[in-house]
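A short write-up of the structure that comes next.
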Amino acid sequence: MCRHLAYLGPPVTLSSLVLEAPHGLLRQSYAPLDMRAGGTINADGFGAGWYPAPDADAVRYRSAAPLWSDASFAAMAGATRSSAILAAVRSATVGMPVTDTAAAPFAHGRWLFSHNGVVRGWPHSVAELAGGLPVADLITLDAPTDSALLWALVRHRLSEGGDPADVLAGVVAAVATAAPGSRLNLLLTDGRGIWATAWDHALSVRTTPDSVLVASEPIDSLSTWNPVPDRHLVVARPGHYRVDELTMTGVP
């Protein structure tokens, strides 16, 4: 089912969030606490995306290997700092490929995206939704996976000028209608804001006066973490966030 996080705030190293935190993504890759029957470990790849400068497009590192086995990433992560980071570890759904292109984050320009969950009845359940995308979007999917299709749906709506919160809410509603029982925790950032959904899976958020961190599981034992209620959407910027209820309205 994967685990992911997004951070905005003063520059920090990738390593501080992904590798060094007591319950960071490294530990969550082999000892997650709240998978909700979605597997036992997250060893089918990982990725991290960040912004090398305030106005730069996102860059990323992705691998099909378990996070704990990649010494090259560990060396780079300790030396790479950013004020905006999105990272994930992957637990592949049975039948979906384990390749670096299937690992989050998915990226386009300043956008970084991750999905924690599963689309039930894949691929037939969402064939009609996929059919509404431009053909070029379908034939250039990063991988033949549910997460890659969700990213294509999100990216297409963003390209049409949709508000990120409305885009995530609309995609969740459409997919949940087409594929009941899906788990749809979506995570999106442009380096300035974070938008995330909690739909039948765990999500928590923590703020300080100048930062915000949204994560599948708290990465430490500090008491300042707040669980996001199920079927709600988070809109966050450094120092504050809001939580809105997700509904099944607005389905195309």
Side-chain angles (χ1 to χ4, degrees), residues 1-6 38 42 44-47 49 58 60 62 86-109 111-160 162-190 194-203 214 216 231-234 246 248 250-252:
M1 286 292 182
C2 311
R3 308 276 81 184
H4 56 206
L5 63 80
N42 297 283
D44 298 319
F46 72 94
R60 62 182 171 178
R62 295 193 292 179
L86 190 151
V89 290
R90 183 175 183 235
S91 176
T93 301
V94 174
M96 294 190 188
V98 178
T99 65
D100 56 354
T101 58
F106 301 94
H108 180 76
W111 295 109
L112 291 169
F113 173 84
S114 177
H115 165 228
N116 165 31
V118 62
V119 173
R120 302 296 183 191
W122 167 268
H124 305 291
S125 59
V126 287
E128 185 174 347
L129 287 176
L133 290 170
V135 173
D137 288 7
L138 293 176
I139 63 178
T140 56
L141 288 179
D142 284 40
T145 65
D146 53 359
S147 297
L149 178 63
L150 289 171
W151 167 230
L153 293 169
V154 168
R155 184 183 62 203
H156 180 62
R157 294 185 183 209
L158 290 171
S159 72
E160 294 184 325
D163 174 81
D166 294 339
V167 166
L168 290 195
V171 169
V172 166
V175 175
T177 298
S182 295
R183 292 184 174 181
L184 301 168
N185 278 32
L186 311 184
L187 181 61
L188 179 71
T189 186
D190 62 356
I194 296 172
W195 299 265
T197 61
W199 189 275
D200 288 355
H201 221 313
L203 191 69
V214 178
S216 298
R231 305 200 173 196
H232 281 70
L233 177 139
V234 175
L246 288 166
M248 300 295 282
V251 180

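Treat the numbers as computed from the prediction; the structure is a model and nothing was measured.
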(request) Mind checking the CE-OG spacing from Met96 to Ser91? Nearest 0.5 Å is all I need. (result) 11.5 Å
(request) Looking only at non-hydrogen atoms, find the nearest pair between Leu86 and Pro105 and report the distance. (result) CD2-CB, 3.7 Å
(request) Could you pull out all residues at least two apart from Glu128 that satisfy side chain to side chain donor-acceptor pair (under 3.5 Å)? (result) none
(request) Rounded to the nearest 0.5 Å, what's the gap from CG on Leu138 to NE2 on His156? Could you check? (result) 10.0 Å
(message) So, using side chain to side chain donor-acceptor pair (under 3.5 Å) as the criterion, who are the partners of Ser114 when residues are at least two apart?
(response) His4
(request) Kindly state each residue pair satisfying salt bridge (charged side-chain N to carboxylate O under 4.0 Å, His left out) with at least one member in residues 133-145, sequence neighbours excluded. (result) Arg60-Asp142, Arg62-Asp142
(message) If we check side chain to side chain contact (heavy atoms under 4.5 Å, CB included) with Ser182, which of these qualifies: Val118, Val119, Asp146?
(response) Val119
(message) Do Asp190 and Trp195 make a side-chain contact, defined as non-hydrogen atoms from C-beta onward lying under 4.5 Å apart?
(response) yes
(request) Give a yes or no on this: more than 12 heavy atoms of other residues, nucleotides or ligands lie within 6.0 Å of atom NE2 of His108. (result) no
(request) Say whether, by atom type as modelled, one donor and one acceptor occur between the side chain of Asp44 and the main chain of Ala92 under 3.5 angstrom. (result) yes
(message) Quick check: closest heavy atoms across Val126 and Ala179, and the distance to 0.1 Å?
(response) CG1-CB, 4.4 Å
(message) For the CG atom of Leu133 and the CD1 atom of Ile139, what is their distance to the nearest 0.5 Å?
(response) 12.0 Å
(request) Could you grab the distance from atom CG of Leu150 to atom CG of Leu184, nearest 0.5 Å is fine? (result) 6.5 Å
(request) Give, for atom OG of Ser125 and atom CZ of Arg120, the distance between the pair rounded to the nearest 0.5 Å. (result) 10.5 Å
(request) Could you tell me which residues satisfy side chain to side chain donor-acceptor pair (under 3.5 Å) with Thr99, sequence neighbours excluded, listed by chain and number? (result) Thr101
(request) Check step by step if side-chain contact (heavy atoms from CB on, under 4.5 Å) holds for Arg90 and His115. (result) CA-CA 9 Å; Arg90 183 175 183 235; His115 165 228; over 6 Å; no
(message) Thr145: which residues meet the side chain to side chain donor-acceptor pair (under 3.5 Å) condition with it, sequence neighbours left out?
(response) none
(message) Using every non-hydrogen atom in the two residues, find where Pro97 and Ala102 come nearest and quote the distance to one decimal.
(response) O-CB, 3.8 Å
(request) List for me each residue that meets side-chain contact (heavy atoms from CB on, under 4.5 Å) alongside Ala127, sequence neighbours excluded, and say none if there are none. (result) none
(request) From the options Asn116, Thr197, Ile194, select the one residue that forms a side chain to side chain contact (heavy atoms under 4.5 Å, CB included) with Leu187. (result) Ile194
(message) Tell me whether the rings of Phe113 and Phe106 are parallel (<30°), tilted (30 to 60°) or perpendicular (>60°).
(response) tilted
(request) Check for a donor-acceptor pair, side chain of Asn185 on one end and backbone N or O of Ala202 on the other, with a separation under 3.5 Å. (result) yes
Tell me which donor-acceptor pairs under 3.5 Å the side chains of residues 163-175 have, and how far apart each pair is, sequence neighbours excluded?
| from | atom 1 | to | atom 2 | distance (Å) |
| --- | --- | --- | --- | --- |
| Asp163 | OD2 | Ala165 | N | 3.0 |
| Asp163 | OD2 | Asp166 | N | 3.3 |

(message) Would you compute the distance between atom CH2 of Trp111 and atom CG of Leu188 and round it to the nearest 0.5 angstrom?
(response) 5.0 Å
(request) For Arg155, check salt bridge (Lys or Arg N to Asp or Glu O under 4.0 Å) against everything at least two apart and list the hits. (result) none
